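Atoms considered below: every heavy atom in the structure, side chains included; atoms not considered: hydrogens, waters and symmetry mates. From a predicted model like this one, the values you see are computed outputs, not experimental measurements. In the text below, chain A, chain B and the rest are named by the order of the sequence lines, each starting its count at 1.
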Amino acid sequence: MSTAAYPVRRGRLRLVGGRAVSKTRTRPVPGVPFAATAFLLVAALVFALVLLNIVVAQGSFRLGDLEARVAAEQAKYLDLRYEVARGEAPVAVAEAARRLGLVPPGEQRYVLGSPAVLEIEREQDRKLKGLLAEP
Amino acid sequence: MSPTVRTKQRLAAMFVALTAGLFAVGGRLVYVQALAADRFSSLAADQRERIVVLSPQRGSIFESGGAELAISRGMTTIFANPHFVSEPRASAAALAPILGVPEPVLLDKLSRESGFVYLTRKTPAETADAVRALRLPGVDFVSESKRFYPAGTLGAHLLGFVGLDNEGLGGVEVRFDKALSGTPGEMFLETDPGGHSIPSGKFRLDPPVPGDDLVLTIDREIQHVAEVALAAAVEKWSARAGSAIVLDPRTGDILAMANLPTFDPNDFAAAKPDARRNRAVVDVYEPGSANKVVTAAAALETGVKLPDDMMTVPDSLKVGNKTFHDAHPHGVLQISFAEVIERSSNIGTIKVAQELGKQRLHEYLKRFGYGRATGLGLPGEASGLLPHPDGWWSTSLPTIAIGQGVAVTAIQITGVYATVANGGVAVAPRILKSTIDHEGREHSAPTSSTRRVITAETAAVLTDILVRVTEGSHGTGEQAAVPGYRVAGKTGTAQKPSPAGGYSGYVGSFIGFAPAERPALVVAVILDDPRPIWGGVTAAPAFKEIMQFSLRHLGIGPGSVLPAEGTPLPAPDRSGGVEPPGAFAVD
């Protein structure tokens, strides 16, 4: 049997981008690897999202902890300031002095110079100031 | 009916039902998502979003040297939601010994049909920790600040106190409440149904602005000595109450203001209202002989009298229907005007006032600040009483001249002597030295207003006369003298008006300043109903004690050795260094 009696069946040709492409040359994408890749990608994305959320939450909790610690330290600082002020209060100091056997100081007395002496001292003072003022 | 037809009917019915259902769901969707979207989103937000108001830290109060007089500390308030308390009886029994609250009271609170009850407010951390360890359902905690006054009763009347919600209720706490309070902040956050913050939820924080700190003019040491000396005087002379003030006449700064009876502002509720009253600014009294300084100032200023003008002074004088007496009987004296004041003669002063006339006396009383508040601004400050001369009786002039029939507060009469001490210029008293904002910047308080009341010459002459009160052979204020210093001042012994009419009891006082040559301090001591009644006996020793300590504490030497051109004498050098010229501390 001659082959010339039967025309050879060819794929239908069509014009794509100025070039003829045969339909028979396209290949179907393999289903399983594609699905697996897509699943992995989505899973990784979801995991990353959850991880990010956990990290953010963790940071937030840590910040909360730090803020609580700062507040506690500030409270402690105020407590210490209060204790210092209480210890320095005149009543507390007087009581402590009494316990140590200390007594209030006696009267302070002054020996006053006579007006003449004071005038001499003022004169000396003025001279001293004058000397200091000279260049 | 053929099966085919029945099937078709069933399909049609199902189609109709499904379509109707679809329309119903669609309609509801449109309602929820479009028509009532705002309402539902608001309802959701209400469940999820919370706004927490953040209370600012109340500013501290410092004395002039920087020591803390009032401070706020964090405490824990314990509250309960009775709806979540499963066993009120057991919870009350467990909480009672820790909180120190009777069990029936707690049981009543925990059994209420309410969503919130306070169990205790502002309790220490140890108590809160002990309650927390019980892990009681429905019991929760919140942080609140509480006001503390570390020096206890020191300056209690001046400082005042705050209420449970930190609002000022007395003294400086209420006077400067706005500055001390600060501005509340706000925290916006999203919470889960359990009330916990959602970490990735919406969050906004407007932090609170803490209140300003106040620096007062008060000197802690002088305040303490004033309180101790006043308490000793009140006890020794069996007085009912007393006040003491220390003031710098040059600036108007109040260095101490003490009152008795007193109270502890840390537990102000335990004190009687009478003990919480700042008598020095709230109570008025008739100043008695301390008022003679105004009569004398008016007489000198108007030229009615000179210090050496001689006067004939009997020991009694009839004016209108009333006979006035001197404190002690004596024959007819020929004494100078200066000696009239030195002896605190009622009759001599009345005779001067008669020459002066009621209009001029009233004018000078007004000039010295009688009848109006000093402007200190402390709560309840009284204006005193100064009747208009048109309403004076025939006996009003002599009565007022010797300090009866007019009424002043302790701070007003202190201001009168401060005016004389300051060369005739009145300086309004002030209590606030500066404020410190939340960024730590210090802002000085405005300086006090000033006004001239009498001339410098009159003030100088009057000062010399007042020195005779403590140094003169007939002076009534001998016990107020401070060794080494010249002290100018005046005793006062005045009758107290009785609520039932007439007079009952006395007020004894001594008010003065030192060093007389260059006055740096004014001290007033006023005792309510002392025994004996005389201010020169009861109030003067306390004056001396306060003045002596204050001069030494501030390093103010005797006036006669102050450099003429210069600043006050520096503090005596106790380290063995060179003493200031002219003054030598010998012990």
Checklist entry - Would you say R48(B) has more than 12 foreign heavy atoms packed within less than 6.0 Å of its CZ? => result yes
Next on the checklist: If you count every heavy atom of other residues, nucleotides or ligands that lies below 6.0 Å from E478(B) atom CD, does the total exceed 12?
Outcome noted: no
Checklist outcome for this item: So CG of L205(B) and CD of E67(A): to nearest 0.5 Å the spacing works out to 7.5 Å
Checklist entry - Who wins among V91(A), D79(A), L63(A) for the most heavy-atom pairs under 4.5 Å with chain B? => result D79(A)
Checklist entry - Under 3.5 Å, side chain of R81(A) to main-chain N/O of I71(B), donor-acceptor pair present? => result no
Next on the checklist: Can you tell me which portion of A94(A) sits under 4.5 Å from chain B's heavy atoms? Options are side chain, backbone, both or neither.
Outcome noted: side chain
Checklist entry - Which residue out of A75(A), A71(A), A85(A), P90(A) racks up the most heavy-atom pairs below 4.5 Å with chain B? => result P90(A)
Item to check | CZ (F141(B)) with more than 12 external heavy atoms under 6.0 Å | outcome: yes
Next on the checklist: Take a 6.0 Å sphere around CD of E83(A) and say whether it holds more than 12 heavy atoms from other residues, nucleotides or ligands.
Outcome noted: yes
Checklist entry - If you take all heavy atoms of E88(A) and R220(B), which pair is closest and at what distance? => result O-NH1, 3.2 Å
Checklist entry - What's the shortest heavy-atom distance between P150(B) and A89(A), and which atoms? => result O-CB, 4.2 Å
Item to check | pair L78(A)-Q57(B): side-chain heavy atoms closer than 4.5 Å | outcome: yes
Item to check | Toward chain A, the part of S72(B) with a non-hydrogen atom under 4.5 Å | outcome: backbone
